[in-house]
Amino acid sequence: MTLASRLSTAANIGQMETTKEKWSMITGNLALIQVQATVVGFLASMAAVIFGWIPDGHFLVDHAVLLCASSVSTAFIASMVLGLIMIGVIIGSKKLGINPDNVATPIAASLGDLVTLTLLSGISCGLYKEMKNNAYVNPIVCILFLALLPIWFVIARRNPATREVLSSGWEPVIIAMAISSVGGLILDKTVSNPNFAGMAVFTPVINGVGGNLVAVQASRISTYLHMMGPPGEETELIPRKFPSPCRTFFSSDVNSRSARVLFLFVIPGHLIFLYTISSMQGGHTTLTPIFMVFYMTAALLQVLVLLYIADWMVHWMWGRGMDPDNFSIPYLTALGDLLGTGLLALSFHILWLIGDRDTDVGD
């Protein structure tokens, strides 16, 4: 998603006009995301091993190596595939006269979940079966992808467009991974209770919608600021403290108008997804009127908070010389996961307490 935001901004401010500029921007950014994907994939597997070991109290080396091999290879392949798709989408959008900010980031978010989960399930199943016959397969896979890391690092470092991100872009990605992991723990603890098992099917929906909408807004604000000059440049349009909610949602500013439009997408978008889930008989939760009220309240509150934080965070980062394309989206999407999961879990607990329950929950 940061790649989509970076390239969208570059396309909008005229940094991808010639073939040479496009090639330089593409190779540098693809190498950069391979470095980030490999490192974060490795760290994510280590975090999963730790979070799994602490409550269970036992540790299996073979399973830890399997998890590492699956995570690193999935992150590497998914980032390469999605990176190429994003490049095609952004160049195609520009040729068709469509703003890439409105298209590339939500596609990256949606396809990111689909492609990553598909690859992770397929790769992990294959490596698990192969592990029984050849114990050296998983360590070889880990070593292979980690050995490629210096090559991608050198390519990204030689490119002026990605050199700075290579050194300063780790903090938001790693902190975002930690924030999302907290949301994952909330989900795990909630769905492990048979009374709240129905929450699992709604979590990707509420998190996906919130993450998509706030990523579009952050990307649009970032492009708007880039058009006025480099990050850190003094301008009266950059607020020095928390903006008022009225300024964020009700002013005549172009970003305020887009915030209103994105917020209005929440209800029709979720109604479509809820209808789809109901039609496919997914989960164990009956869509009663009281459930719909609580679900929509959680979804609206999540997006409202995210859009407000995006308005403040992007301007705050810009005023301190940080490029929001590289820093804001990881934080915002991770906060979206945490807020969405937390509010949804709270809604399910309240619904259970007030008696809106399903007799088939946990079957």
Side-chain angles (χ1 to χ4, degrees), residues 1 4-5 8 82 85-86 89 93 96 98-118 180 183 187 190-191 196-220 249 257-310 329 332-348 350-351 356 358 360-361:
M1 292 175 72
S5 184
S8 295
L82 290 166
I85 292 173
M86 285 306 97
V89 168
S93 299
L96 294 172
I98 301 170
N99 186 352
D101 283 320
N102 298 334
V103 180
T105 311
I107 290 178
S110 305
L111 283 181
D113 290 342
L114 178 64
V115 171
T116 305
L117 290 173
T118 303
S180 292
L187 176 63
T190 305
V191 299
F196 308 122
M199 176 181 163
V201 74
F202 298 102
T203 305
V205 176
I206 194 169
N207 291 347
V209 171
N212 279 352
L213 295 177
V214 75
V216 170
Q217 180 70 351
S219 186
R220 287 177 62 90
F249 294 102
R257 290 199 299 271
S258 66
R260 292 195 295 271
V261 172
L262 291 170
F263 184 70
L264 292 174
F265 282 163
V266 175
I267 291 180
H270 276 292
L271 286 176
I272 292 170
F273 285 121
L274 290 177
Y275 175 77
T276 304
I277 291 170
S278 178
S279 301
M280 296 175 66
Q281 298 181 343
H284 296 289
T285 302
T286 304
L287 301 183
T288 60
I290 188 68
F291 170 81
M292 298 280 285
V293 169
F294 273 86
Y295 179 86
M296 286 299 179
T297 301
L300 288 167
L301 185 59
Q302 177 209 30
V303 174
L304 189 73
V305 172
L306 287 175
L307 290 174
Y308 177 76
I309 292 175
I329 288 180
L332 291 169
T333 51
L335 284 172
D337 289 345
L338 181 60
L339 273 174
T341 306
L343 290 170
L344 198 57
L346 180 63
S347 299
F348 268 78
I350 295 173
L351 286 167
D356 189 73
D358 288 318
D360 65 339
V361 165

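Quick caveat, the model's predicted, so the values are computed rather than measured.
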Original post:
If you round to the nearest 0.5 Å, how far is CD1 of I350 from CG of L346?
Top reply: 4.0 Å
Could you pull out all donor-acceptor pairs under 3.5 Å where a side-chain atom in residues 335-342 meets a protein atom, sequence neighbours excluded?
unit_1, atom_1, unit_2, atom_2, d
D337, OD2, S180, OG, 3.3
T341, OG1, N207, ND2, 3.2
T341, OG1, D337, O, 2.7

**OP:** Could you tell me which non-hydrogen atom of G211 sits nearest to which non-hydrogen atom of V214, and how far apart they are?
**Re:** O-CG1, 3.4 Å
**OP:** Answer yes or no: is there a side-chain heavy-atom contact under 4.5 Å between R220 and N99?
**Re:** yes
Subject >> Point-to-point distance, once rounded to the nearest 0.5 Å, from CG of L343 to CD1 of I206 >> reply: 6.5 Å
Subject >> Heavy-atom closest contact (V201 atom, P204 atom, distance) >> reply: O-CD, 3.7 Å
Original post:
Within a strict 4.5 Å, meaning less than it, do heavy atoms of the F249 and Y308 side chains meet?
Top reply: yes
Original post:
Looking only at heavy atoms, which two atoms of A104 and V89 are closest? And how far apart?
Top reply: CA-CG1, 4.2 Å
Subject >> Check against side chain to side chain contact (heavy atoms under 4.5 Å, CB included), M296 and L271 >> reply: CA-CA 9 Å; M296 286 299 179; L271 286 176; 3.4 Å; yes
Original post:
Do L262 and V303 come close enough that some side-chain heavy atom pair is under 4.5 Å?
Top reply: no
Original post:
What residues form a side-chain hydrogen bond (donor to acceptor under 3.5 Å, both in side chains) with Y295, not counting sequence neighbours?
Top reply: H270
**OP:** Using atom types as modelled and distance alone, determine if a side-chain donor or acceptor of S219 lies under 3.5 Å from a backbone N or O of A215.
**Re:** no
**OP:** Search all heavy atoms of A259 against all heavy atoms of L307 and return the closest pair with its distance.
**Re:** O-CD1, 3.6 Å
**OP:** Could you tell me how the ring of F291 sits relative to the ring of F202: parallel (under 30°), tilted (30 to 60°) or perpendicular (over 60°)?
**Re:** tilted
Original post:
With side chains defined as the heavy atoms from C-beta onward, is the minimum distance between N212 and V216 less than 4.5 Å?
Top reply: no
Original post:
Between L300 and F263, which heavy-atom pair has the shortest distance, and what is it?
Top reply: O-CE1, 3.5 Å
Subject >> Pairwise distance CD(Q302) to OG1(T297) - rounded to 0.5 angstrom >> reply: 12.5 Å
Original post:
Which value, rounded to the nearest 0.5 Å, describes the distance between L264 atom CG and L213 atom CG?
Top reply: 10.5 Å
**OP:** Applying side-chain contact (heavy atoms from CB on, under 4.5 Å), name anything that partners F273, two or more places apart in sequence or on another chain.
**Re:** V205, V209
**OP:** Measure the CG-OG distance between L301 and S347 for me, rounded to the nearest 0.5 Å.
**Re:** 9.0 Å
